Visitor: 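Here you go, one structure.
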Amino acid sequence: MEQRNTSLPLIALTLLTGIALGWFLNDLIRRPAAPLALAPASPPAVAAPTASISVAPTTAVSIEPTTAVSVAPPALPSVATPAPAVMPSPLTSEPLPTATPPLRIVGYAGHRVAAGETLETIADRYGSTVALIETYNRLDAPPRIGRELVVPLLAPTDAGDALLVRRGGAERPWIALTLDAGAGAAPTPRILAALRERGITITFFLTGRWMRANPDLVRQMVADGHELANHTVNHPDLTTLDDNTIRRELNETEAILHEIAPGATTRPFFRPPYGAYNERVLRVALAEGYLPIYWTLDSLDSVGEPKTPEFLVERVTGKLSQNDLRGAIILAHCGSEATADALPEILDRFAVMGFEVRKLSDVLK
């Protein structure tokens with residue numbers, strides 16, 4: 001006889017009872033609770049309106065209440081729509097301005113001003129401009145007859161004259177005291193002090209080697225307003241060197257000065273070491289933009305036996321006549337102790353004589 005399984009109905013009944021009990025409990029949980037018999041609950045606090053504070057540059061503060069705070073989404077960057085280009089009418093509009101390209105100097109030429117010449121005629125001859133000639137030669141007035149110039153060239157042309165300057169103009173009682181610096185430097189601070197005390201600026205011809213050894217003195221010369229000129233790097237006899245080596249001596253000296261005193265320049269003046277030159281040396285120097293400078297009177301402070309300060313005072317102030325001193329270029333040296341000792345009296349004596357000691361660029365005018 002087959003036996004029936006009675007456990008299945010019990011299981012089913014248990015499941016149904018669990019489901020019904022779950023529905024009852026869920027419904028009970030979700031019903032709102034009955035109010036208690038207590039004092040009425042206070043209404044929920046409402047946040048006070050926020051305030052925006054605007055701080056003006058003065059000390060007063062303005063507060064304006066607002067009722068809502070609106071937070072806008074971050075703005076996207078605006079892209080400006082370019083306006084259409086307006087083309088000038090060929091009949092009524094002015095032409096559009098164009099940028100002027102910078103002038104390109106391709107070389108230099110030497111020129112001595114002749115009677116009847118002007119800067120305009122000189123510029124036309126060499127394919128230069130008046131402004132370039134004036135700026136490069138530090139001119140502030142029309143050049144005198146016989147004035148030696150370096151002409152910047154904008155196109156290749158003839159080499160011009162082989163120049164060597166021995167004196168300046170005699171129209172004014174001005175003297176160019178020029179000091180070469182190639183050897184010692186110990187007396188130089190006293191030389192600079194004597195010039196500074198009298199408000200006098202002069203021209204120093206510096207070698208690159210001296211500048212490297214005495215950068216502070218170079219910067220002091222620039223700060224005091226003195227004029228610096230080129231005396232080569234190593235002080236060689238240029239007549240024994242080839243053209244490229246001469247160029248290198250000149251250009252490296254200028255580069256050394258730029259390193260020590262940015263903005264200063266040795267252009268446009270150059271003095272050949274030992275006063276040694278020939279036409280080839282003069283033309284190479286001029287082609288590099290340098291006007292060769294000699295002298296009217298050598299003080300002899302670096303020649304022969306050591307000189308006394310008294311000797312130098314008498315030679316510098318008394319060797320030339322009053323007329324020959326006008327526009328004279330005088331040579332002395334930064335490394336001479338006797339020159340440093342004599343300089344205050346030389347400057348004072350020239351002042352008593354009615355002469356002004358000036359920079360070379362002034363005396364050449």
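Just so you know, these numbers come straight off a predicted model, no measurement behind them.
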Visitor: Would you check if Glu227 and Arg138 make a side-chain contact, meaning some heavy-atom pair closer than 4.5 Å?
Guide: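 Contact flag for Glu227/Arg138 side chains = yes.
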Visitor: For Leu154 and Val106, what are the C-alpha separation, side-chain angles and deciding distance, and is it a side chain to side chain contact (heavy atoms under 4.5 Å, CB included)?
Guide: CA-CA 6 Å; Leu154 300 178; Val106 300; 5.8 Å; no
Visitor: So how far is it from Leu320 CG to Ile330 CD1, rounded to the nearest 0.5 Å?
Guide: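 Rounded to the nearest 0.5 Å, the CG-CD1 separation comes to 6.5 Å.
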Visitor: Do the non-hydrogen side-chain atoms of Pro236 and Leu238 ever get within less than 4.5 Å of each other?
Guide: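 Yes, side chains in contact.
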Visitor: Would you please test Asp341 and Arg190 for salt bridge (Lys or Arg N to Asp or Glu O under 4.0 Å) and show each step?
Guide: CA-CA 8 Å; Asp341 292 337; Arg190 289 193 291 128; 2.6 Å; yes
Visitor: Would you say the side-chain atoms of Asp180 pair up with the backbone N or O of His333, donor to acceptor, closer than 3.5 Å?
Guide: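 No; zero donor-acceptor contacts below 3.5 Å.
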Visitor: Do Ile293 and Leu291 have side chains that get closer than 4.5 Å, going by heavy atoms?
Guide: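 Heavy-atom side-chain distance check passes, below 4.5 Å.
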Visitor: Look at the side chain of Arg271 and the backbone N and O of Tyr294, then say whether any donor-acceptor pair between them is shorter than 3.5 Å.
Guide: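 Checking the backbone N and O of Tyr294 against the side chain of Arg271, a donor-acceptor pair under 3.5 Å is found.
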Visitor: Do the non-hydrogen side-chain atoms of Ile175 and Arg358 ever get within less than 4.5 Å of each other?
Guide: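 They are not in side-chain contact.
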Visitor: Cluster question for you: counting only ILVMFWY and a side-chain heavy-atom cut-off of under 4.5 Å, with indirect links fine, are Val357 and Val313 together?
Guide: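 Same hydrophobic cluster.
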Visitor: Give a yes or no on whether a salt bridge exists between Lys365 and Asp140, defined as a side-chain N under 4.0 angstrom from a carboxylate O.
Guide: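 Salt bridge flag = yes for Asp140 with Lys365.
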Visitor: Working note: Arg349 + Glu314, criterion salt bridge (Lys or Arg N to Asp or Glu O under 4.0 Å); need CA distance, chi angles, decisive distance, verdict.
Guide: CA-CA 10 Å; Arg349 184 173 293 189; Glu314 293 304 320; 3.0 Å; yes
Visitor: Are any of the side-chain heavy atoms of Trp295 and Leu297 separated by less than 4.5 Å?
Guide: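 SC-SC contact between Trp295 and Leu297 ruled out.
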Visitor: Please confirm whether the backbone N or O of Gly184 pairs with a side-chain atom of Trp210, one donor and one acceptor, at under 3.5 Å?
Guide: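 A pair under 3.5 Å: yes.
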Visitor: Out of curiosity, Ile346 CD1 to Ser299 OG, how far, rounded to the nearest 0.5 Å?
Guide: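 One finds 7.5 Å between CD1 of Ile346 and OG of Ser299.
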Visitor: Give a yes or no on whether the backbone of Gly289 and the side-chain of Tyr136 come within a donor-acceptor separation of less than 3.5 Å.
Guide: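 Checked: pair present.
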Visitor: May I have the step-by-step check of side chain to side chain contact (heavy atoms under 4.5 Å, CB included) for Leu132 and Leu103, ending in yes or no?
Guide: CA-CA 9 Å; Leu132 276 177; Leu103 298 177; 4.0 Å; yes
Visitor: Can you tell me how far the CG atom of Leu177 sits from the CD1 atom of Ile202, to the nearest 0.5 Å?
Guide: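 The CG atom of Leu177 sits 4.5 Å away from the CD1 atom of Ile202.
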Visitor: Taking all non-hydrogen atoms of both residues into account, name the closest pair between Ile256 and Gly208 and its distance.
Guide: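 Where Ile256 meets Gly208 most closely, the heavy atoms are CD1-CA, 3.7 Å.
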Visitor: Do you see a donor-acceptor pair shorter than 3.5 Å between the side chains of Glu148 and His111?
Guide: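 Looking only at side-chain atoms, His111 and Glu148 do not form any donor-acceptor pair under 3.5 Å.
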Visitor: Please check if any side-chain donor atom of Asp237 sits under 3.5 Å from a side-chain acceptor atom of Thr240, or the reverse.
Guide: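 There is no such pair between these side chains.
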Visitor: Using side-chain heavy atoms (C-beta onward) and a distance below 4.5 Å, is Glu345 in contact with Leu347?
Guide: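 With C-beta onward as the side chain, the pair stays apart.
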Visitor: Judged by atom type as modelled, is there a donor-acceptor pair below 3.5 Å linking the side chain of Asn214 to the main-chain atoms of Leu217?
Guide: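 Side chain of Asn214 to backbone of Leu217: no pair is present.
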Visitor: Tyr274: what forms a ring pair (Phe, Tyr, Trp, His ring centres under 6.0 Å) with it, not counting sequence neighbours?
Guide: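 Checked Tyr274 against ring pair (Phe, Tyr, Trp, His ring centres under 6.0 Å); matches are His235.
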Visitor: Considering only heavy atoms from C-beta outward, does the side chain of Val218 approach that of Leu257 to under 4.5 Å?
Guide: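 Yes, side chains in contact.
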Visitor: Tell me the closest heavy-atom pair linking Leu325 and Val316, and the distance in Å.
Guide: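 Leu325 and Val316 have their closest heavy atoms at CD2-O, 4.2 Å.
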Visitor: Between atom CG of Leu206 and atom OG1 of Thr266, what is the distance when rounded to the nearest 0.5 Å?
Guide: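 Result: 9.0 Å between the selected atoms.
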Visitor: With clusters defined by side-chain heavy atoms of hydrophobic residues (ILVMFWY) lying less than 4.5 Å apart, directly or transitively, does Val281 cluster with Leu241?
Guide: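 Linked, Leu241 and Val281 end up in one cluster.
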Visitor: Minimum heavy-atom separation for Pro215 to Ile260, with atom names?
Guide: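 Heavy atoms only, the tightest pair is O-CG2, 3.7 Å.
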Visitor: Is there a side-chain contact between Arg315 and Lys307 in this structure, where contact means two heavy atoms from C-beta onward sitting under 4.5 Å apart?
Guide: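 They are not in side-chain contact.
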Visitor: Within the side chain of Glu356, is there an N or O that forms a donor-acceptor pair under 3.5 Å with the backbone of Trp174?
Guide: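 No, the answer is negative, given that no donor and acceptor are paired below the 3.5 Å cut-off.
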Visitor: Assert yes or no for the condition that the ring centre distance of Phe270 to His231 is strictly below 6.0 Å.
Guide: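 Centroid separation for Phe270 and His231: 6.0 Å or greater.
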Visitor: Is there a donor-acceptor contact under 3.5 Å from the side chain of Ser128 to the main chain of Pro152?
Guide: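 A pair under 3.5 Å: yes.
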Visitor: What's the spacing between Asp298 CG and Lys319 NZ if we round to 0.5 Å?
Guide: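 It comes to 11.5 Å.
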Visitor: Is the closest side-chain donor-acceptor distance between Thr239 and Asn278 under 3.5 Å?
Guide: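 Result is no, nothing qualifies.
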Visitor: Kindly say whether Thr201 contributes a backbone atom to a donor-acceptor pair with the side chain of His226 at under 3.5 angstrom?
Guide: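 No, because the side chain of His226 does not come within donor-acceptor range (under 3.5 Å) of the backbone of Thr201.
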Visitor: If you compare all heavy atoms of Glu337 against all heavy atoms of Ala186, which two are closest, and at what distance to 0.1 Å?
Guide: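 That would be OE2-CB, 4.1 Å.
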Visitor: Determine, using the 4.5 Å side-chain heavy-atom cutoff (strictly less than), whether Val363 and Val113 are members of one ILVMFWY cluster.
Guide: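 No, separate clusters.
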Visitor: Would Leu364 end up clustered with Leu139 when hydrophobic side chains under 4.5 Å apart are linked, directly or stepwise?
Guide: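 No, it is not one cluster - the side chains of Leu364 and Leu139 are not joined through contacts under 4.5 Å.
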Visitor: Hey, mind stepping through Asn251 and Glu288 against side chain to side chain donor-acceptor pair (under 3.5 Å) and telling me if it holds?
Guide: CA-CA 8 Å; Asn251 294 329; Glu288 293 302 306; 3.3 Å; yes
Visitor: Got a donor-acceptor contact below 3.5 angstrom from the Arg326 side chain to the Glu171 backbone?
Guide: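 A pair under 3.5 Å: yes.
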Visitor: Using salt bridge (Lys or Arg N to Asp or Glu O under 4.0 Å), reason through Arg196 and Asp224 one step at a time and then give a plain yes or no.
Guide: CA-CA 7 Å; Arg196 193 181 310 117; Asp224 287 352; 3.0 Å; yes
Visitor: Shared ILVMFWY cluster between Ile191 and Met211, side chains joined below 4.5 angstrom?
Guide: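 Yes; tracing contacts between hydrophobic side chains, which count when under 4.5 Å, links both residues.
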Visitor: Would you check, one step at a time, whether the test side chain to side chain contact (heavy atoms under 4.5 Å, CB included) holds for Thr253 with Thr207?
Guide: CA-CA 7 Å; Thr253 303; Thr207 67; over 6 Å; no
Visitor: Please test Asp362 against Lys359 for salt bridge (Lys or Arg N to Asp or Glu O under 4.0 Å), starting from the C-alpha separation and ending with a verdict.
Guide: CA-CA 5 Å; Asp362 293 335; Lys359 292 183 288 190; 5.1 Å; no
Visitor: Minimum heavy-atom separation for Asn137 and Leu149, please, with both atom names.
Guide: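 That closest heavy-atom pairing would be OD1-CA, 3.5 Å.
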Visitor: Given Asp242 and Thr245, is the side chain to side chain donor-acceptor pair (under 3.5 Å) satisfied, shown in steps?
Guide: CA-CA 5 Å; Asp242 61 56; Thr245 306; 2.9 Å; yes
Visitor: For Ser321 and Asn323, test the side chains for any donor-to-acceptor distance below 3.5 angstrom and give the result as yes or no.
Guide: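 Note: Ser321 and Asn323 side chains miss the donor-acceptor criterion.
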Visitor: Any carboxylate oxygen within less than 4.0 angstrom of a Lys/Arg side-chain nitrogen, looking at Asp348 and Arg198?
Guide: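 Judged by the 4.0 Å cut-off on N to carboxylate O distance, Asp348 and Arg198 do form a salt bridge.
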Visitor: With ring centroids as reference points, do Tyr108 and Tyr290 lie under 6.0 angstrom apart?
Guide: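 No, too far apart.
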Visitor: Within the side chain of Glu249, is there an N or O that forms a donor-acceptor pair under 3.5 Å with the backbone of Asn234?
Guide: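 It does hold such a pair.
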Visitor: Closest approach of Ala328 and Arg167, non-hydrogen atoms and distance?
Guide: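 So the minimum-distance heavy-atom pair works out to N-NH1, 3.9 Å.
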Visitor: Can you tell me how far the CG atom of Leu179 sits from the OG1 atom of Thr188, to the nearest 0.5 Å?
Guide: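 So the CG of Leu179 and the OG1 of Thr188 are separated by 8.0 Å.
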